[in-house]
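Here the structure comes first, spelled out in structure tokens, and everything after it is commentary.
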Amino acid sequence: MTVFQDLNGIRVELTFGESSSTLEARHVLIVLKHEGKWLLTRHSSRGVEFPGGKAELGESIEQAAIRETFEETGVTIRNLKKIAEYIVEDTKPFCKAVFTATVAHIGRTPVGYETEGALWLEDGDFANCDELSFHMQDEGMKEITKWVMANGL
């Protein structure tokens, strides 16, 4: 387990594999590479980040990961694999499941969402991107991207 403070000073625990947390994951983050490029999106106010969001009522976290990826990027994913969990000790603590997946189809971004669609970056461009959202700049994100690269995903 990696424990750190995010850029807002909030305590965060990152666990790869199964977590022992009693909090149910209702937030998702999707971290994947396809043909050597990272799948990202540009949020209208936060900047460049991995797709993700919250599960809707009655939706599993796997369904949320698939839906959020499509809504934010136009990319349909399959073969979801949960790789980690974030526990964010905010005023109301929450758990975020981190997934990787494979790309099934690259389509157009649906209209009416808060992102500009898929942004595919190679390793060097991703590492040097100066538009990363605050979510993408913490210790946990560095550990997650290292893990994905080390595991060839």
Side-chain angles (χ1 to χ4, degrees), residues 2 4-14 23-149 153:
T2 301
F4 60 95
Q5 286 192 333
D6 69 12
L7 297 181
N8 292 322
I10 298 171
R11 184 179 189 274
V12 179
E13 294 177 6
L14 171 64
L23 284 175
E24 178 186 11
R26 298 304 299 156
H27 294 71
V28 295
L29 179 69
I30 302 82
V31 181
L32 69 86
K33 287 182 84 172
H34 176 69
E35 298 179 355
K37 296 180 181 176
W38 296 94
L39 174 61
L40 298 134
T41 189
R42 182 175 282 110
H43 187 276
S44 59
S45 62
R46 292 190 301 257
V48 174
E49 57 193 21
F50 291 123
K54 297 177 186 174
E56 294 177 352
L57 187 62
E59 185 177 52
S60 72
I61 57 170
E62 292 83 7
Q63 291 167 327
I66 292 167
R67 177 186 51 76
E68 288 285 354
T69 303
F70 180 74
E71 286 178 357
E72 294 183 3
T73 68
V75 174
T76 303
I77 57 173
R78 64 177 177 215
N79 303 324
L80 284 172
K81 178 180 178 183
K82 184 175 156 193
I83 61 171
E85 281 188 354
Y86 266 110
I87 305 295
V88 181
E89 299 290 337
D90 206 348
T91 306
K92 182 178 180 186
F94 65 92
C95 180
K96 181 183 293 189
V98 182
F99 290 95
T100 191
T102 57
V103 172
H105 177 74
I106 300 172
R108 293 186 179 180
T109 306
V111 177
Y113 293 97
E114 69 271 5
T115 66
E116 296 177 16
L119 176 64
W120 297 96
L121 295 180
E122 293 179 353
D123 290 340
D125 294 327
F126 177 46
N128 295 312
C129 182
D130 60 0
E131 298 177 62
L132 294 178
S133 80
F134 77 94
H135 295 295
M136 298 291 291
Q137 298 178 41
D138 64 32
E139 278 305 307
M141 202 56 66
K142 292 173 188 169
E143 292 298 318
I144 289 169
T145 54
K146 277 195 263 183
W147 190 96
V148 170
M149 289 174 54
L153 302 173

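None of the values given here were measured: they were computed from a predicted structure. One is the number of the first residue; the rest follow in order along the sequence.
- By the 6.0 Å contact criterion, NZ on K82 is enclosed, its count of non-hydrogen atoms from other residues, nucleotides or ligands being greater than 12.
- Here the shortest heavy-atom pairing between L29 and K96 reads CB-CD, 3.9 Å.
- Judged by distance alone, with hydrogens and angles left aside, the side-chain atoms of N8 form no donor-acceptor pair with the main-chain N or O of I10 at under 3.5 Å.
- Distance CZ/R42 to CG/L132: 10.0 Å, rounded to 0.5 Å.
- In this structure, L14 and E139 have side chains that are not in contact, with every pair of non-hydrogen atoms separated by 4.5 Å or more.
- A donor-acceptor contact shorter than 3.5 Å links the side chain of T41 to the backbone of E72.
- For the pair K33/D123, a side-chain contact is recorded, criterion being any heavy-atom separation below 4.5 Å from C-beta on.
- Distance check: I30 CD1 to I66 CD1 gives 9.5 Å after rounding to the nearest 0.5 Å.
- Separating the CE atom in M136 from the CD1 atom in I144 is a distance of 9.0 Å, to the nearest 0.5 Å.
- Contact record, I87 with E89: CG2-OE2, 3.4 Å, taken as the closest heavy-atom pair.
- Interatomic distance, L40 CG to T115 OG1, rounded to the nearest 0.5 Å: 11.5 Å.
- A heavy-atom distance below 4.5 Å is not found between the side chains of V48 and W38.
- Using a 4.5 Å cut-off on side-chain heavy atoms (C-beta onward), F99 and I77 make no contact.
- Inter-residue side-chain proximity for V75 and L32 is flagged as unmet; no heavy-atom pair is nearer than 4.5 Å.
- Contact of the W147 side chain with the V31 side chain is not registered, since no non-hydrogen atoms from C-beta on lie closer than 4.5 Å.
- Taking each heavy atom of G52 and E68 in turn, the nearest pair found is O-OE1, 3.3 Å.
- The nearest pair of heavy atoms linking A55 to S60 is CB-O, 4.4 Å.
- In this structure, T73 contributes its side chain and G117 its backbone to no donor-acceptor pair below 3.5 Å.
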Problem - Derivation of the side-chain contact (heavy atoms from CB on, under 4.5 Å) call for E35 and V103 - result: CA-CA 10 Å; E35 298 179 355; V103 172; over 6 Å; no

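- A donor-acceptor pair under 3.5 Å is absent between the side-chain atoms of E85 and the main chain of C95, judged by distance alone.
- At least one side-chain heavy atom of R67 sits under 4.5 Å from a side-chain heavy atom of E56.
- The nearest pair of heavy atoms linking G58 to Q63 is O-OE1, 4.1 Å.
- Between A65 and T69, the shortest heavy-atom distance links the atoms O-OG1, 2.8 Å.
- The distance from the CD atom of E143 to the OG1 atom of T2 is 5.0 Å, given to the nearest 0.5 Å.
- Using bins of under 30°, 30° to 60° and over 60° for the plane-to-plane angle, the ring pair H27/F94 lands in the tilted bin.
- Put simply, the side chain of D6 gets close to the backbone of G9: a donor and an acceptor are under 3.5 Å apart.
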Problem - Check against side-chain contact (heavy atoms from CB on, under 4.5 Å), F50 and V98 - result: CA-CA 10 Å; F50 291 123; V98 182; over 6 Å; no

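- Annotation: side chain of V12 is not in contact with side chain of D138 (no heavy-atom distance under 4.5 Å).
- One finds the CD atom of E122 at 5.0 Å from the NZ atom of K37 (value rounded to the nearest 0.5 Å).
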